[in-house]
**Student:** 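Before we start, here is the structure in question, set down as structure tokens.
Note that these values count all heavy atoms, side chains included, but never hydrogens, waters or copies made by symmetry. Throughout, residue positions are numbered sequentially from 1 according to the sequence presented. Computed from a predicted structure; not experimentally measured.
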Amino acid sequence: MGTFRYVVGIIGNIISFGLFLSPVPTFYRIHKKKAVEEFQPYPYLCTVLNCVFWMFYGLPIVRKDNILVLTINTIGLVIELIYLTIFVIYANDRKKRVLVGLFLLGEAVLTVIVVVIAMLAFEFKNRDIFVGVICDVFNIIMYASPLAVWRKVIKTKSVEYMPFWLSVASLANGCCWTLYALIQLDVFILISNGLGAVFGLMQLILYSYYYFLGKRDTKEDGKQSELQLSNQSSV
């Protein structure tokens, strides 16, 4: 059973890695135009904090046998910081650079507070509950973020702003990590990814409905990746 869980976790890492790389076209566009245009850093900043908390959850001092949760979120954190670095380099407004810096500073302070509370106020047997609840709260917020895209799809009756393969990958990611959590019960990974799988399925149903009955316009541009980014989660 342990080997099967490990294999599922490896597959989950691969899918999550692909999701982390999905904004690459957006940043290629930014690099090519030497400007961030109307793109915003908020989804990347949220993903950074989400990765940091899941990294903490994956440490043996919080919960044992979660090395694969630690590895993918470490990789995700590095990728997101690279995105933010590119964003700052090409930000055409000093306020945007300052905003990114302040957000990262605030996230660092929040992380230190959470770590200190977890280590000093909770024994090992209860520490994963405290950290897991925090991780799930941020994951659920991220999974709920595509509602803005859904409203746009329903309003325009077009799937232009909902890339099909990214939606499929999001569903596969949720299902894979849900299975991982069920093999050796981890209620916190199960809750967030079970919900993610449901959201992913609903997104594909919405896509199918408006693809066949709405305007058949599946043109994808740089902003599609931007709209979908905040739906990404490593676990």
Side-chain angles (χ1 to χ4, degrees), residues 1-24 46-82 111 114-115 118-119 122-143 146 163-205 228-235:
M1 189 66 71
T3 302
F4 180 54
R5 184 173 186 262
Y6 185 78
V7 171
V8 172
I10 290 293
I11 296 173
N13 269 240
I14 294 172
I15 297 174
S16 296
F17 181 67
L19 286 173
F20 279 128
L21 292 180
S22 61
V24 167
C46 290
T47 305
V48 164
L49 190 59
N50 194 59
C51 286
V52 169
F53 284 144
W54 280 110
M55 283 172 59
F56 185 40
Y57 184 78
L59 290 173
I61 57 175
V62 175
R63 189 179 180 93
K64 296 180 180 179
D65 301 323
N66 257 346
I67 186 64
L68 292 175
V69 173
L70 175 62
T71 55
I72 188 55
N73 282 284
T74 302
I75 293 171
L77 176 62
V78 172
I79 293 174
E80 297 302 319
L81 289 177
I82 291 174
T111 299
V114 170
V115 171
M119 299 304 297
F122 293 89
E123 296 181 359
F124 176 76
K125 61 181 180 180
N126 295 321
R127 194 173 296 151
D128 63 330
I129 298 176
F130 172 70
V131 180
V133 168
I134 293 175
C135 289
D136 272 353
V137 167
F138 279 92
N139 242 12
I140 290 171
I141 291 173
M142 292 182 68
Y143 276 129
F164 174 74
W165 290 112
L166 188 56
S167 300
V168 171
S170 297
L171 174 61
N173 187 64
C175 290
C176 190
W177 285 108
T178 297
L179 178 59
Y180 177 86
L182 285 171
I183 295 172
Q184 183 176 315
L185 186 61
D186 188 318
V187 67
F188 299 109
I189 294 179
L190 178 62
I191 289 173
S192 58
N193 287 281
L195 182 62
V198 171
F199 269 81
L201 179 60
M202 290 172 62
Q203 189 160 300
L204 282 178
I205 292 172
Q228 289 291 322
L229 177 63
S230 56
N231 188 32
Q232 296 168 27
S233 175
S234 52
V235 293

**Student:** Check for a donor-acceptor pair, side chain of R127 on one end and backbone N or O of F122 on the other, with a separation under 3.5 Å.
**Tutor:**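 Side chain of R127 to backbone of F122, a donor-acceptor pair under 3.5 Å: yes, one is there.
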
**Student:** Run the side-chain contact (heavy atoms from CB on, under 4.5 Å) check on L70 and Y57 step by step: do they pass?
**Tutor:** CA-CA 8 Å; L70 175 62; Y57 184 78; over 6 Å; no

**Student:** For the side chain of S170 and the backbone of G200, is there at least one donor-acceptor N/O pair under 3.5 Å apart?
**Tutor:** no

**Student:** What is the minimum heavy-atom distance between G174 and A197, and which atoms define it?
**Tutor:**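 Scanning both residues, the minimum pair turns out to be C-CB, 4.0 Å.
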
**Student:** If you look only at pairs with a residue in residues 170-189, which of them pass as a salt bridge (charged side-chain N to carboxylate O under 4.0 Å, His left out), with sequence neighbours excluded?
**Tutor:** R63-D186

**Student:** Ignoring hydrogens, what is the shortest heavy-atom contact between F4 and L179? Give both atom names and the distance.
**Tutor:**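 Of all heavy-atom pairs spanning F4 and L179, the closest is CZ-CD2, 4.3 Å.
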
**Student:** Applying ring pair (Phe, Tyr, Trp, His ring centres under 6.0 Å), name anything that partners F188, two or more places apart in sequence or on another chain.
**Tutor:** none

**Student:** S16 and N173: side-chain donor and acceptor closer than 3.5 Å?
**Tutor:**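 Yes, because at least one side-chain N or O of S16 sits under 3.5 Å from a partner of the opposite role on N173.
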
**Student:** Taking the side chain from N73 and the backbone from V69, do they hold a donor-acceptor pair closer than 3.5 Å?
**Tutor:** yes

**Student:** Check the pair F17 / I14 against side-chain contact (heavy atoms from CB on, under 4.5 Å), numbers first and verdict last.
**Tutor:** CA-CA 5 Å; F17 181 67; I14 294 172; 5.6 Å; no

**Student:** Could you check whether W177 and S192, counting side-chain N and O atoms only, form a donor-acceptor pair closer than 3.5 Å?
**Tutor:**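 The criterion, which ignores hydrogens and geometry beyond distance, is not satisfied for W177 and S192.
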
**Student:** Applying side-chain contact (heavy atoms from CB on, under 4.5 Å), run through I189 and N66 and close with a yes or a no.
**Tutor:** CA-CA 10 Å; I189 294 179; N66 257 346; 4.2 Å; yes

**Student:** Do N13 side-chain atoms and G9 backbone N/O form a donor-acceptor pair below 3.5 Å?
**Tutor:**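 Pair found, side chain donor or acceptor close to backbone of G9.
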
**Student:** Can you list every salt bridge (charged side-chain N to carboxylate O under 4.0 Å, His left out) pair that touches residues 191-201, not counting sequence neighbours?
**Tutor:** none

**Student:** Search all heavy atoms of V168 against all heavy atoms of L204 and return the closest pair with its distance.
**Tutor:**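 Closest approach of V168 to L204, heavy atoms only: CG2-CD2, 3.9 Å.
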
**Student:** Going by heavy atoms in the side chains, are F56 and I61 under 4.5 Å from each other?
**Tutor:**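 Yes, their side chains come closer than 4.5 Å.
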
